[in-house]
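Whatever order the structure lists ligands and atoms in, that order sets their numbers, starting from 1.
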Amino acid sequence: MKHLDLSVNVDHVATLRNARGGTHPCPVEASRIAVEAGADGITVHLREDRRHIKDRDVERIRAEIAAPMNFEMAATEEMVAFAERIRPPYCCIVPEKRAELTTEGGLDVLRAGPSLREAVARLSAANVRVSIFIEADAAQIEAAAAIGAAAIELHTGTYAEGPVADRPAQLARLQAGVVAARRAGLLCHAGHGLTYETVTDIARMEEVTEISIGHFLISQSVFEGLPAVVRRFKALIAAARGA
Ligand code: PXP
């Protein structure tokens with residue numbers, strides 16, 4: 001089986017830090033600890049309103065953490081210019097609404113207009129490998145390939161956060177998305193809402209090469225500590241992959 005990378009999203013370390021306006025807990029330090037515990041990469045989402053991760057956090061993680069950064073961003077001029085400057089190895093383009101609590105759904109590539117294609121072209125020219133956060137829908141996946149994305153990130157939120165009874169149908173939908181990505185020649189990542197309970201089914205999908213986990217992983221660290229939670233996710237992934 002292909003290797004499956006765990007990218008740890010440290011946005012909510014910044015959420016806690018920002019609650020008191022100081023410097024603790026530091027997302028750069030959290031990134032270092034997560035990588036030491038076995039995380040394969042670090043994800044950050046620099047939102048337009050800077051509600052959690054700030055520009056300086058992204059710059060420092062890029063400069064100080066050896067593991068690859070996955071930079072989540074909206075396809076705006078400001079974020080494309082930021083990514084061109086810091087040149088993360090990977091970026092993931094997400095839809096972003098100011099009032100949402102978290103990213104609510106996949107990007108509608110079919111209706112996105114030329115600015116998305118331009119963003120993908122500029123990022124690719126800066127040697128940033130671009131993925132697009134997307135629903136497991138064949139037409140959307142083909143559209144992502146057509147505008148030059150290298151990868152898609154399948155939105156696992158409906159599966160992970162929906163009723164347990166719906167999970168078989170949601171898994172079948174995600175699996176069809178994985179197949180569509182392979183046919184379109186795209187790498188396939190996955191993420192959103194994953195927990196100890198839901199990661200296994202996604203990790204069993206052989207073509208998925210990276211999963212990104214944030215909220216549960218960081219919150220569970222309050223009880224178990226960040227290294228223990230990263231190690232447990234890595235063990236669950238290894239077991240799912242039959243390692
Ligand atoms: N992938 C994308 C594109 C996201 O926007 C998020 C949330 O920031 C995640 C993965 C991680 O989701 P969660 O925080 O629920 O693990």
### Task
Indicate yes or no: does an N/O atom of Glu161 lie under 3.5 Å from an N/O atom of ligand 1?
no
### Message
For ligand 1 and His215, I'd like to know whether there is a polar contact (N/O to N/O, distance under 3.5 Å).
### Response
yes
### Query
So, the side chain of Thr156 versus the backbone of Tyr159: is there a donor-acceptor pair under 3.5 Å, distance only?
no
### Summary
Nearest non-hydrogen protein atom to atom 15 (O) of ligand 1, with distance, is Gly193 N, 2.8 Å
### Query
Does any N or O atom in Val94 lie less than 3.5 angstrom from one in ligand 1, N or O only?
no
### Query
Hey, does the side chain of Asp57 reach the backbone of Lys54 with a donor-acceptor pair shorter than 3.5 angstrom?
yes
### Task
Classify the contact between His155 and ligand 1 as side chain, backbone, both or neither, using a heavy-atom distance cut-off of under 4.0 Å.
neither
### Query
For Thr43 and Asn9, does a side-chain donor sit closer than 3.5 Å to a side-chain acceptor?
no
#### Entry: Test of ring centre spacing under 6.0 Å for Tyr196 and Phe233
yes
### Task
Could you pull out, from His189, Glu153, His192, the option with a heavy atom nearest to atom 7 (C) of ligand 1?
His192
### Query
In terms of the angle between their ring planes, are Phe82 and Phe71 parallel, tilted or perpendicular, with boundaries placed at 30° and 60°?
parallel
### Query
Looking at ligand 1, does any of its N/O atoms fall within less than 3.5 Å of an N/O of His45?
no
### Donor + acceptor pair across side chains of Arg167, Gln170 (<3.5 Å)
no
### Query
Where is the nearest protein heavy atom to atom 2 (C) of ligand 1: which residue, which atom, and how far?
Glu72 OE2, 3.1 Å
### Task
For ligand 1, find out whether one of its N or O atoms is nearer than 3.5 Å to an N or O atom of Gly214.
yes
